[in-house]
Every structure is written in C-alpha cells, then in structure tokens.
Amino acid sequence: LDNLPYYDRDLEVQPQLKEKVGRLLPPSSASVPDDDPRLPPLPELFASNPLLKAELDRVSAHKPLNALDTSRYTLPSPPPGASEEDWLHALDNAKSQLEHQLNRQSNISLLQTYGANAWRVANYRTEADVERFGRLLERLREDVTGVNRGRKASHTAIGKQLTSLEGRWTELISSLLQIELANVALEAELEGLRR
C-alpha cells in the first residue's frame with residue numbers, strides 16, 4: 001500500500017511539502033477548448049434515425065420550430081364551379097373532421113369519467129416510487145459509510161503497523177551504526193596495539 005489517506009498526515013505536519021506538490025502538478029484549466037486534440041472525436045448522434053438527426057440539426061442551427069400544419073383541420077368548401085371530384089374530396093375531408101371531433105368528444109368523456117382516478121393512481125405510484133428510492137438511497141449511504149469506516153480502520157491499523165516497523169527499522173539502523181562505530185574504534189585500538 002502506497003497511499004493511506006486516513007493515516008498519512010505528512011502534508012499537515014510539513015507544510016512545505018504542499019508547496020512542492022503544488023509546483024509539480026500542472027495548473028488545471030477550468031475550460032478545455034472544443035477543438036483540443038487530446039479530446040476524442042464527438043460521436044455522431046442519431047446516425048440511424050434521420051428524423052431525430054434533422055431535428056438536432058434544426059436546434060443546433062437555432063431555427064424556429066415549424067408550427068403544426070392546421071390546414072388538415074379546416075373545412076374549406078370547393079371553389080364555385082368545382083368538379084365532382086373536388087366535391088367528393090371536400091366530402092371525405094368533412095367526414096374525417098367529423099370522425100376526429102367524435103374521437104375528441106369520446107376522449108373528453110373518458111377523461112372526465114376516469115381521469116381524476118387515473119391521476120390519483122399515478123400520484124400514488126409516484127409517491128411510492130419516491131419512498132422506495134429514498135429507502136434505497138439511505139441504504140446505499142449506510143453502505144458507503146460502512147465501507148469508509150472499514151477503510152479508515154484498516155488504514156489506521158496498517159499505519160500503526162508501519163509506524164512500529166519504521167521505529168524498529170530506525171532502532172536496528174541505530175544499533176548497526178553503533179556497532180560499526182565500535183568496530184572502527186576497536187580496529188583503531190588494535191592498530192594502536194600492533195604498533
């Protein structure tokens with residue numbers, strides 16, 4: 001393990017290290033230009049759907065949305081002196097408009113009969129989903145807290161072990177240096193006795 005963030009306090013103990021780290025890290029830029037060569041190419045959105053691609057292009061070009069074609073819902077009569085075919089076309093248009101109005105009336109009556117209850121059921125389901133997701137979120141937060149507590153305990157235990165081993169290493173190096181100094185002193189004394 002080379003990183004124990006719950007245990008290592010080197011930056012707090014030695015503030016000059018923070019300045020050194022700051023100099024080594026490149027300055028972060030808040031915004032990256034769109035044509036930066038380090039960025040991957042943008043994916044082509046809606047390549048398989050030409051209608052959505054055309055709509056995305058329209059929005060990107062800031063063009064206004066074409067209004068709905070309401071000419072289908074008008075009931076124009078044929079001009080004076082129109083042919084029988086024009087009158088049949090006008091009659092078909094009138095029949096389709098009448099059918100559309102009947103469908104609208106049917107939908108409105110269904111909405112008046114069942115709409116309020118459907119709205120209440122949808123609200124109930126939404127509230128139940130919100131409550132369920134809230135419980136799930138709380139459970140996940142508890143799991144994250146448990147993982148962080150376990151990590152902190154692990155880091156603290158490993159940190160204590162590292163501190164103990166580092167102290168032992170320092171003692172052994174110190175005793176080794178003392179032995180070497182004693183050896184040098186004994187060799188000097190032996191050399192003095194030989195002379």
Side-chain angles (χ1 to χ4, degrees), residues 2-3 5-6 11 18 21-152 154-155:
D2 56 356
N3 184 15
Y6 288 105
L11 293 178
K18 196 169 194 174
V21 169
R23 283 190 301 247
L24 292 174
L25 292 176
S28 63
S29 60
S31 64
V32 177
D34 291 338
D35 59 349
D36 193 328
R38 296 174 294 176
L39 293 177
L42 291 175
E44 185 178 352
L45 299 176
F46 308 120
S48 62
N49 192 330
L51 290 176
L52 288 177
K53 181 151 182 56
E55 183 61 18
L56 182 64
D57 293 341
R58 182 197 62 80
V59 170
S60 298
H62 302 290
K63 292 181 182 174
L65 178 66
N66 294 335
L68 294 174
D69 181 17
T70 58
S71 64
R72 299 182 330 179
Y73 305 116
T74 60
L75 197 54
S77 60
S83 68
E84 183 179 342
E85 186 178 316
D86 290 338
W87 278 101
L88 288 175
H89 180 62
L91 182 62
D92 287 342
N93 187 17
K95 287 179 182 178
S96 66
Q97 293 299 326
L98 178 63
E99 192 63 35
H100 176 68
Q101 291 301 325
L102 290 174
N103 282 338
R104 287 186 67 197
Q105 284 179 346
S106 173
N107 286 339
I108 288 173
S109 82
L110 286 172
L111 182 63
Q112 286 175 344
T113 305
Y114 302 109
N117 288 337
W119 183 256
R120 287 184 190 108
V121 168
N123 283 343
Y124 173 76
R125 287 180 179 166
T126 303
E127 289 171 357
D129 286 344
V130 166
E131 186 177 327
R132 184 169 47 93
F133 288 134
R135 286 192 306 266
L136 179 64
L137 176 64
E138 190 60 37
R139 197 173 327 127
L140 289 174
R141 283 183 177 158
E142 289 172 3
D143 290 347
V144 168
T145 302
V147 167
N148 285 335
R149 283 184 182 148
R151 184 181 297 139
K152 183 175 183 178
S154 169
H155 286 193

Can you establish whether the number of heavy atoms outside Arg135 located under 6.0 Å from its atom CZ is more than 12? yes

Check the side chains of Arg104 and Asn107 for a donor-acceptor pair under 3.5 angstrom, ignoring hydrogens and angles. no

Pairing donors with acceptors under 3.5 angstrom, does anything connect the side chains of Asn148 and Arg151? yes

Take Leu137 and Phe133 through the side-chain contact (heavy atoms from CB on, under 4.5 Å) test and state the conclusion after the steps. CA-CA 6 Å; Leu137 176 64; Phe133 288 134; over 6 Å; no

Contact summary for [X] and [Y], nearest pair of heavy atoms:
X: Lys53; Y: Glu44; result: CE-OE2, 3.4 Å
X: Leu75; Y: Gln97; result: CD1-CG, 4.2 Å
X: Leu65; Y: Glu55; result: CD1-OE2, 4.1 Å
X: Ala90; Y: Pro76; result: CB-O, 4.2 Å
X: Ser48; Y: Pro50; result: O-CD, 3.7 Å

Are the charged groups of Arg139 and Glu142 less than 4.0 angstrom apart, N to O? no

Electrostatic pair Glu99-Lys95, nearest N-O below 4.0 angstrom: no

Is Ser60 reaching over with its side chain to a backbone N or O of Leu56, donor-acceptor style, under 3.5 angstrom? yes

From [X] [atom1] over to [Y] [atom2], what is the distance, rounded to the nearest 0.5 angstrom?
X: Leu88; Y: Asn93; atom1: CG; atom2: CG; answer: 12.5 Å
X: Gln105; Y: Leu110; atom1: CD; atom2: CG; answer: 12.0 Å
X: Glu131; Y: Thr126; atom1: CD; atom2: OG1; answer: 13.0 Å
X: Leu140; Y: Thr145; atom1: CG; atom2: OG1; answer: 10.5 Å
X: Leu91; Y: Asp86; atom1: CG; atom2: CG; answer: 12.5 Å
X: Asn117; Y: Tyr124; atom1: CG; atom2: OH; answer: 14.5 Å

Applying the side-chain contact (heavy atoms from CB on, under 4.5 Å) criterion to Phe46, which one of Asp57, Leu52, Leu51 satisfies it? Leu52

I would like to know whether His155 and Lys152 meet side-chain contact (heavy atoms from CB on, under 4.5 Å); could you show each step before the answer? CA-CA 5 Å; His155 286 193; Lys152 183 175 183 178; 5.7 Å; no

Identify, with sequence neighbours excluded, every residue that meets ring pair (Phe, Tyr, Trp, His ring centres under 6.0 Å) alongside His89. none

